[in-house]
Amino acid sequence: MSDIKINSISKNYITGDSTVRALNDFTLDISWGDFIGISGESGSGKSTLLLITGAMLMPDSGDYIVDDINVFSLSQEKRSDFRREYLGFIFQSFHLMPYLTAVENVMLPLAVKNISKKDKYKMATEALGSVGLSDKWKRLPDELSGGEKERVAIARAVVNNPRILLADEPTGNLDSKTSGEIMSLFKQLNSDGMTIIMVSHSAECIRASDRLIKLSDGKLVYSQ
C-alpha cells in the first residue's frame with residue numbers, strides 16, 4: 001500500500017444555481033520522500049487538492065489515507081492533531097504576523113507544544129538557521145525582503161519537522177533569482193527526507209520537482 005493515498009476524491013462547489021466540480025474522482029499515490037509539483041490552468045483543482053491534502057477541506061467523496069490513517073474519518077480534534085504532527089504549510093502571501101519578529105513568527109506553531117519557552121525559542125532559531133536567516137531573527141516582517149519573508153514562512157512551516165510540506169505558489173511574489181534560491185532550499189529539505197507537495201504556475205519551479213502532476217477540470221491528466 002502507498003504511504004499516502006488520495007483515493008477517488010471528488011469535491012463540488014455550489015454558487016447560486018451553478019455547481020462547479022473542482023475535483024472529479026481524483027486518485028494519486030504518493031511515497032514518502034517524493035517532491036511533487038502540481039500544475040494546471042486556473043480552476044483546474046490545484047488549490048482544492050492542496051487544501052484536501054492539508055486536511056483543511058472535506059471532500060464530498062473519496063478517502064485520504066496517510067500511514068493507514070483515514071484522515072477524514074477522524075474527529076475534528078484528531079484531524080487537528082494530524083495536521084500538527086504530519087503537515088507544514090507555506091502560502092504565497094507569507095501570512096506573517098507584522099508585529100512579531102522573525103523568530104516569534106516561527107515559534108507560532110509551537111504554541112500548543114508542552115515544552116518550555118526556551119526550547120521553543122531554540123527550535124525556532126534552529127529553523128531560521130536552516131533557511132539561512134540566523135542573523136535576521138530579531139527583524140520584523142517589514143524589515144525583510146520578499147525572499148527573506150518566504151524563508152521565514154518556510155522556517156515556520158518546518159519548525160515542527162513535519163513529514164509533509166505543502167506549498168501553494170511559494171514563489172508567486174518573488175523574482176526569478178530569489179525563486180531559484182527558494183527551490184534550492186526545497187530540494188535540500190527534500191533530500192533530507194521531507195515529502196513536498198507544491199502547486200505552482202512557474203515552469204521553472206515545477207522542473208525542480210521529481211514528479212509532475214497536471215490537472216485539468218479536476219482530473220489527473222498527466223503524471224510522471
What distance separates [X] [atom1] from [Y] [atom2], expressed to the nearest 0.5 Å?
{"X": "Ser130", "Y": "Ile154", "atom1": "OG", "atom2": "CD1", "value": "9.0 Å"}
{"X": "Ser176", "Y": "Glu204", "atom1": "OG", "atom2": "CD", "value": "8.0 Å"}
{"X": "Tyr86", "Y": "Asp67", "atom1": "OH", "atom2": "CG", "value": "3.5 Å"}
{"X": "Thr53", "Y": "Ile197", "atom1": "OG1", "atom2": "CD1", "value": "5.0 Å"}
{"X": "Ile38", "Y": "Ile206", "atom1": "CD1", "atom2": "CD1", "value": "8.0 Å"}
{"X": "Lys117", "Y": "Ile115", "atom1": "NZ", "atom2": "CD1", "value": "12.5 Å"}

Could you pull out the closest heavy-atom pair between [X] and [Y], with the gap in Å?
{"X": "Leu57", "Y": "Phe72", "value": "O-CZ, 3.2 Å"}
{"X": "Leu28", "Y": "Arg211", "value": "CD1-NH2, 3.6 Å"}
{"X": "Ile90", "Y": "Ala153", "value": "CG1-O, 4.2 Å"}
{"X": "Thr171", "Y": "Cys205", "value": "OG1-SG, 3.1 Å"}
{"X": "Ala157", "Y": "Leu165", "value": "CB-CD1, 3.7 Å"}
{"X": "Pro98", "Y": "Pro141", "value": "O-CD, 3.7 Å"}

Judged by modelled atom types alone, do [X] and [Y] share a side-chain donor-acceptor pair under 3.5 Å?
{"X": "Thr195", "Y": "Asp34", "value": "no"}
{"X": "Asn105", "Y": "Trp137", "value": "no"}
{"X": "Glu77", "Y": "Ser75", "value": "no"}
{"X": "Glu104", "Y": "Thr101", "value": "yes"}
{"X": "Ser18", "Y": "Tyr13", "value": "no"}

Could you check whether any side-chain heavy atom of [X] comes within less than 4.5 Å of a side-chain heavy atom of [Y], counting everything from C-beta outward?
{"X": "Val71", "Y": "Arg79", "answer": "yes"}
{"X": "Arg83", "Y": "Met56", "answer": "yes"}
{"X": "Phe26", "Y": "Leu215", "answer": "yes"}
{"X": "Ser134", "Y": "Leu128", "answer": "no"}
{"X": "Lys214", "Y": "Ser44", "answer": "no"}

Legend entry - Phe89/Leu50 under side-chain contact (heavy atoms from CB on, under 4.5 Å): CA gap, chis, key distance, verdict: CA-CA 10 Å; Phe89 300 91; Leu50 206 66; over 6 Å; no
Please indicate whether [X] has more than 12 foreign heavy atoms, meaning atoms of other residues, nucleotides or ligands, lying under 6.0 Å from its [atom1].
{"X": "Asp217", "atom1": "CG", "result": "no"}
{"X": "Glu143", "atom1": "CD", "result": "yes"}
{"X": "Ile14", "atom1": "CD1", "result": "no"}

Keeping the roles fixed (side chain from [X], backbone from [Y]), state whether a donor-acceptor pair exists under 3.5 Å.
{"X": "Thr178", "Y": "Asp175", "result": "no"}
{"X": "Lys46", "Y": "Gly40", "result": "yes"}
{"X": "Glu169", "Y": "His201", "result": "yes"}
{"X": "Asn7", "Y": "Ile65", "result": "no"}
{"X": "Glu126", "Y": "Met123", "result": "no"}
{"X": "Lys11", "Y": "Met58", "result": "yes"}
{"X": "Ser209", "Y": "Leu212", "result": "no"}
{"X": "Asp60", "Y": "Asn12", "result": "yes"}
{"X": "Thr27", "Y": "Ser8", "result": "yes"}
{"X": "Tyr64", "Y": "Ala55", "result": "no"}

Inset, instruction - Provide the full list of salt bridge (charged side-chain N to carboxylate O under 4.0 Å, His left out) pairs with a residue in residues 146-159, sequence neighbours left out, each pair given once. - result: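 Matches after skipping sequence neighbours: Lys136-Glu148, Arg151-Glu181.
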Do [X] and [Y] land in one hydrophobic cluster if side-chain heavy atoms of ILVMFWY residues count as linked below 4.5 Å?
{"X": "Met107", "Y": "Leu140", "result": "no"}
{"X": "Leu144", "Y": "Leu133", "result": "yes"}
{"X": "Val159", "Y": "Leu100", "result": "no"}
{"X": "Leu108", "Y": "Tyr121", "result": "no"}

Inset, instruction - Identify whether the distance between the nearest side-chain nitrogen and carboxylate oxygen of Asp210 and Lys187 falls below 4.0 Å. - result: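 Lys187 and Asp210: salt-bridged.
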Inset, instruction - Have a look at Ser31 and tell me which of Ile4, Ile36, Asp3 forms a side-chain contact (heavy atoms from CB on, under 4.5 Å) with it. - result: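 When side-chain contact (heavy atoms from CB on, under 4.5 Å) is applied between Ser31 and each of Ile4, Ile36, Asp3, only Asp3 qualifies.
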Inset, instruction - Look at the rings of Phe91 and His95 and say which category their plane angle falls in: under 30° parallel, 30 to 60° tilted, over 60° perpendicular. - result: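 Ring orientation, 0 to 90° scale: perpendicular.
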Legend entry - Verdict with reasoning, Leu87 to Phe82, per side-chain contact (heavy atoms from CB on, under 4.5 Å): CA-CA 8 Å; Leu87 303 173; Phe82 168 82; 3.9 Å; yes
Inset, instruction - Please name all residues satisfying salt bridge (charged side-chain N to carboxylate O under 4.0 Å, His left out) with Arg84, sequence neighbours left out, ordered by chain then number. - result: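 Applying salt bridge (charged side-chain N to carboxylate O under 4.0 Å, His left out) to Arg84 gives Asp81.
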